[in-house]
Amino acid sequence: MRSARRLALAGLVAVAALPWLVGSYPVKLAQEILIWGIFAMSLDLLMGYAGMLSFGHSAFFGLGGYVAALALRGWSPSLVSALVLPAAAAAAAGLVVGFLSIRVSGVYFIMLTLAFSQMFYAAAFNAEWLGASDGLPGVPRPRLIGLDLDRTEVFHLYILAFFVLALVALARVVRSPFGRVLRGVEDNERRMVALGYAVRRFKLAAFVVGATIAGVAGSLEAQFNGYISPEALFWTTSGEALLMVSIGGAGTLAGPVLGAAAFIGLQSLLSSYTEHWTLILGAAFIGFVLWAPEGLLGLARREAGG
Amino acid sequence: MAQALNGLEYGMLLFLLSVGLTLIFGMLGVVNLAHGSFYALGAYAGIAVAVFTGSFWLALCVAPLVVAGVGAAIERSCLRPLYARGPNAQVLLTFGFIYVFDDLLRWLWGSHVRSVAPPAALAGVVALGPGRFPVYRIFVILFGLAVALLLWLALERTRLGAIVRAGVWDAEMAAGLGVNVARVFTAVFAAGAGLAALAGVVAVPIQAAYPGMGVEILVRTLIVVVIGGLGSLEGSLAGSLILGQAETFGKAWLPDSSMFIIYGVMAAVLLLRPTGLFGRALR
Amino acid sequence: MSDPLLRCHALTRRFGALAALNGVSLEVEARERRAIIGPNGAGKTTLFDLITGELTPSAGHVEFAGRTISGLPPHAVARRGISRSYQRTNAFRHLTAGENLRLAAAAGARENFRLLAAPPPPASTSAAVREVAHAVGLGARLDILAGRLSHGEQRQLELGIALATRPRLLLLDEPTAGMSPAETQRMVRLLAALPREVTCLIIEHDMDLVFTLADRVSVLHHGEVLAEGLPAAVRGDPRVHEVYLGSGGEA
Amino acid sequence: MGLTRRRFLRGVATTAAGAVLGGRARRARAAPAPLKIGLLLPYSNVYAVLGESITDGLSLVFERAGWTVAGRRVELIKEDDEVNPQVGLRKAKKLIESDGVDFLVGPVSSGVLAAIRDTVHQARQILIVANAGNDEISRDRCSRYIFRASFSNWQPNAPMGSWVAAHVAKEAYLVAPKYAAGFDMMRAFKETFVAAGGKVVGEDYTPFPVNEDFAPFLTKINQAAPKVVYAFFSGSQAVRFVRQYDEFGLRARSKLCGAGFLTESDVLPAQGQSALGIITGHFYSTLLDNPANKAFVRAFRAKYARTPDGFAVQGYDSAQVIAHGLTATGGDTRDKDRLLEALRGVEFDSPRGRFRFDPRTQNVIQPFIYVREVREVDGELANVVVDRIANVRDPGTGCTLPG
């Protein structure tokens, strides 16, 4: 346990030092991995901890991105626009979508969440004031007291700060009594009900927390790219996050981050060498589902355990 | 009137596509996200056969068999080990196959859009009052109805059908009947894949084929199945017809919100009847 | 005695054309230990499902402590003080035995919604968990994953989970199902030692257990109450012999 | 394709070796640094065909030059944008920052172009747009670092508006997919069509990116019975629309006209006989009778064993822009202002005619918009030129480039 924490700390320091060690492109890849890591962790709260396989998580990612883009462009380049508003919007949407979706379970839950995210997509795609199919360009980064976020290393630390915040908060949540209840729901939902747990309320709370954090990730993505488009809302965006979670290891926090790194790494590096990188990715993913359901993290543990 | 016919034809195509998905779910409890890939594979295999032999009808027979074989292989090798692990693992597995098939199709046949003309006997239009309607689309409607009828007969009147129906209700019960459940699972999955391929071949003269076609139609197919109720033949038919009409009239009369309509219909159905129109509460 | 703790009033549950339960009325006094017996398919488990709200009755209703509970969602019924164990072990397989018990004990605790609360100490250090674990004989096995326990231990855990919610009414569905004679003996001792404050309704096939533990016995047959009374009286009832004891040989 | 990949891999190997053997590489600096060209195009997904076509056209130019331009060895670095703005942006950053490309060429999708525009502009990265036609890039979002060697959406459609009104009929029904390019193109057509006395009797925007069935729209068109249907579709949707249009028997009733992409060579074979008689406006046709085109078609056929399309010309011209610009600076890419000036001044014989940029927008001035009709030529379908409109330049409203 302690050694794991030490390892994580060392990793964080190394990531923080990246802008001073490597070129600007690897740094940006690292930033993207951190952002998608936050997104994947937020999905894992639903998927790995509460047993809710959502194909609609992209709705909150995209919503956070759009709200941040609108607020940063049109209102004020402040932390309120970059953090508070996107998180609040995603939480509110999560409450509504979650309330309606949690009434059903299993496959129907998957489909209903997917339908909701597609509705968000259709809405953005059809809205002229949201830039329709082309999305919203020219999203400025917020101004924080004396910090120039347009400088790569400052922005890097800014993203890292959010990442650490999300990680610490989620680590706290999953270890709290609430997190234990979620574990119980994931393990045996029917029994939890029989024991007297108002399971839907716990699931809804988890759904809203996940949505909120996804909204923050979406906001960071919009700031990172200076741009947000309807693709962020599309269901395959949720699918990619699901891949990340499964490849890395569901039901852990390090897993999704590892998965994000693997996915983005593969997508960015492999695709330079072969047009058939999706085949390799798909095959690798199938392999994980079949033979290593605990993901990369599970493999590492198995290795370490001998 | 003309639009209703359009909706019917589109609905029939959706039915051909969705019925396999719903059968697979009903029997195996698997939501096969790679179903669209079977559809695309069927379309390409159909084109290959049609071009090679010059016969659309032969393509309609051969391609589904080929794809059914692929389906059987996937079920045996990849899905079978996962039955014990619950639905999420299966959904994820079939999601992975989307990526694999998407790329394989491109590798085998390139990225160009391909198509074949409908057979000469079905070319042309017929006058219907003031409007005109393509003969081929009438064929699609009739073909869809015929498949629906055949499937219904097969499920209601044959021993295999009885087993499948029993399996839909309770796999353990089916096992109790002394049935080799594993073999039935493989057969049903193969049949579902073959039906998707059949839809692919039928669709080619109207829709053409390209590698991304499977993913594009997947979401609609899932919506049909969910509206109708997973695992139900009647539900799949009803869902297809509803969605066919909703989408056709939506496009024609409410083009600005046509993208919402199908999702709206689905959300409404699920909120009112959480297991779809013909679904059961179990699972 | 005052009003009964549990009153089932003309409970009926149909599945399609089949009536699994047909007009069953039943009253259980507080502190009573009632056994429900009957051949397979008599509707015993359906009766439990109707009491706990996992199924809704087609007709009739259930009263608990003087108030109607039919129509409440299952978790609300559980919060009223009804707990059940299952015929097939239904524990949290991937959690430790201790964690299983703590989840059960913590149902309804307010702190469950404190998302950022500090992580609780290990379950094995909790007094409530230790007490229940001791009562069901799992005191030394708290750190083992539930899925790794032996069959007998899993049945003990099943009982422990049901008990840990501190119920007023405990519904036990075949607590000794699939146990070896030795394990069964152990389970009988555990059940006999349960505090009298916990009213029990026990579905059981093991007649020795029934006659050792139960104050009264109800016999279900084809979804209806065939006979009810003291164990000795039921044992002597020729109808019961005919439908159950005579044909059975299950004990 | 394979060749460029291998070339690319060799390029990577040499750079890596250079990094390891730092000293020796520096001594060898006598030879100029390679000219790095980053291709940001779809190599998977629906538009992979266009990505390949553009790459092939571009490779042809450099192949002919022995992969050396103005003394610098040409190195292509291909990145797949997957037609996804997010991915495109990431790959663009990779090409700009990690590979340090001298020129960025691409993208196909207007969504990707909209996404990368600011990043490209801020990085002062020279981008040669090889397809995406968003009008805004020649209007209020133009940039002195962005040149467009393909077209703006306005360009093929505005001339068609007046041409259709004058030569076909004055009563048209418009159909296009519901996204930015569809709106751009229909707006341009309407502008000149209405000005020429035409009347729009109906207008439909179809779901995008996914639309399997055009039947509802075709039924509406059938009921409206317009003299002309003017459409823009591309890729799979072009095949579906044209086939279903014929299937519903509309070909005999309403003349189908449209933007050139409707019947480009990427979709024509799959459309088959259904495409016969369709009239489209485009900056190119394979059948153009000029020496540059003849040479281009011959070389392209010899190398790739297929007929080139407009997309190949876009790649071909993008490469020529780079080659001519670089020759003008003597191979220097360090002095950005000088290079930009040189690029603004390039002029050469393209297969489509005399190629030059509009200095106000840095968008190509189409030498001609050709009005083409699909006919059968030697047993093969082809876009036969029936008329042409000269010097079509985008209005460039809102673009404030000096010039």
Side-chain angles (χ1 to χ4, degrees), chain A residues 22-29 31-33 35-36 58 61-62 65 118 121-122 125-126 128 131-140 150 152 218 221-222 224-237 240 263-265 267-279 281, chain D residues 1-2 5 8-9 12 38 42-45 48 51-52 77-100 109-119 121-123 132 134 136-137 141 177-184 205 207-210:
Chain A
V22 297
S24 72
Y25 175 64
V27 170
K28 288 193 174 162
L29 266 191
Q31 291 172 1
E32 197 147 25
I33 288 169
I35 293 170
W36 280 79
S58 54
F61 183 72
Q118 291 300 93
Y121 171 75
F125 203 94
N126 281 305
E128 213 52 57
S133 55
D134 281 350
L136 292 174
V139 180
D150 285 328
T152 304
E221 175 86 354
F224 171 73
N225 284 332
Y227 172 82
I228 188 80
S229 74
E231 271 79 4
L233 293 157
F234 201 66
W235 74 274
T236 48
T237 301
E240 284 176 10
F263 184 92
I264 292 174
Q267 193 179 35
S268 309
L269 303 177
L270 206 58
S271 69
S272 308
Y273 293 91
T274 167
E275 278 135 32
H276 299 291
W277 72 274
T278 51
L279 179 72
L281 182 82
Chain D
M1 296 278 306
R5 163 123 314 126
F8 159 60
L9 288 176
V12 169
Y43 291 108
S44 64
N45 214 317
E52 282 166 26
I77 304 171
K78 302 204 286 182
E79 286 295 343
D80 181 4
D81 68 19
E82 300 173 38
V83 205
N84 177 331
Q86 248 95 5
V87 176
L89 197 49
R90 186 193 307 151
K91 299 290 177 65
K93 285 175 185 164
K94 185 237 171 203
L95 289 169
I96 296 170
E97 294 171 10
S98 178
D99 300 317
S109 138
S110 53
V112 174
L113 180 55
I116 66 172
R117 187 268 171 201
D118 289 349
T119 302
H121 181 77
Q122 276 151 20
N134 348 11
E136 54 174 7
I137 295 297
R141 294 191 75 205
K178 192 175 171 151
Y179 79 110
F183 297 135
D184 275 354
Y205 292 92
F208 183 87
V210 180

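Everything numeric in this text was worked out from a predicted model, so none of it was measured. Order of the sequence lines sets the chain letters (A, B, ...), proteins ahead of strands, with each chain counted from 1.
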Nearest-0.5 Å distance that lies between atom OH in A/Tyr25 and atom CG in D/Leu95 = 8.0 Å
Test side-chain contact (heavy atoms from CB on, under 4.5 Å) applied to A/Val139 - qualifying residues, sequence neighbours left out | A/Ala69, A/Leu72, A/Arg73
Taking only residues two or more places apart in sequence, or in another chain, which ones meet A/Pro26 in a side-chain contact (heavy atoms from CB on, under 4.5 Å)?
-> A/Val22
Got a second to check how far A/Lys28's NZ is from D/Leu89's CG, nearest 0.5 Å?
-> 9.0 Å
Honestly, the part of A/Leu29 sitting under 4.5 Å from a heavy atom of chain D is side chain
Portion of D/Gln122 that has a non-hydrogen atom of chain A nearer than 4.5 angstrom = neither
Contacting moiety of D/Val112, where chain A heavy atoms sit under 4.5 Å | neither
Over all heavy atoms of both residues, which pair between A/Asp134 and D/Gly111 is shortest? Give the atoms and the distance, please.
-> OD1-CA, 3.7 Å
Might you point out which heavy atoms bring A/Asn225 and D/Thr119 nearest each other, and give the distance in Å?
-> O-OG1, 4.4 Å
Are any of the side-chain heavy atoms of A/Thr278 and D/Glu82 separated by less than 4.5 Å?
-> no
For the student: nearest non-hydrogen atoms of D/Arg90 and A/Gln267, plus distance | NH1-OE1, 2.6 Å
Filtered by a 4.5 Å non-hydrogen cutoff, the part of residues 226-234 of chain A contacting chain D is A/Tyr227, A/Ile228, A/Ser229, A/Glu231, A/Ala232
Which region of A/Glu221, side chain (C-beta onward) or backbone (N, CA, C, O), has a non-hydrogen atom less than 4.5 Å from a non-hydrogen atom of chain D, or is it both or neither?
-> side chain
Sequence neighbours excluded, which residues qualify as side-chain contact (heavy atoms from CB on, under 4.5 Å) partners of D/Ala92?
-> D/Leu40, D/Ile116
Turns out that what part of D/Tyr205 lies under 4.5 Å from chain A's heavy atoms comes down to neither
Heavy-atom distance under 4.5 Å between the side chains of D/Arg141 and A/Pro137, does that happen here?
-> yes
Decide yes or no for D/Lys93 and A/Phe224: does some side-chain heavy atom of the first lie under 4.5 Å from some side-chain heavy atom of the second?
-> yes
Short side-chain to backbone donor-acceptor contact, D/Asp118 and A/Gly138, under 3.5 Å | yes
Go through the atoms of D/Asp99 and report whether side chain, backbone, both or neither lie under 4.5 Å from a heavy atom of chain A.
-> neither
Chain A contacts, top residue of D/Ser109, D/Ala114, D/Pro207, D/Ser110 (heavy-atom pairs, under 4.5 Å) = D/Ala114
Note: vs chain A, highest number of non-hydrogen pairs under 4.5 angstrom among D/Arg117, D/Lys178, D/Gln86 is D/Gln86
Quick one: OH on D/Tyr179 to CZ on A/Phe125, what's the gap to the nearest 0.5 Å?
-> 8.5 Å
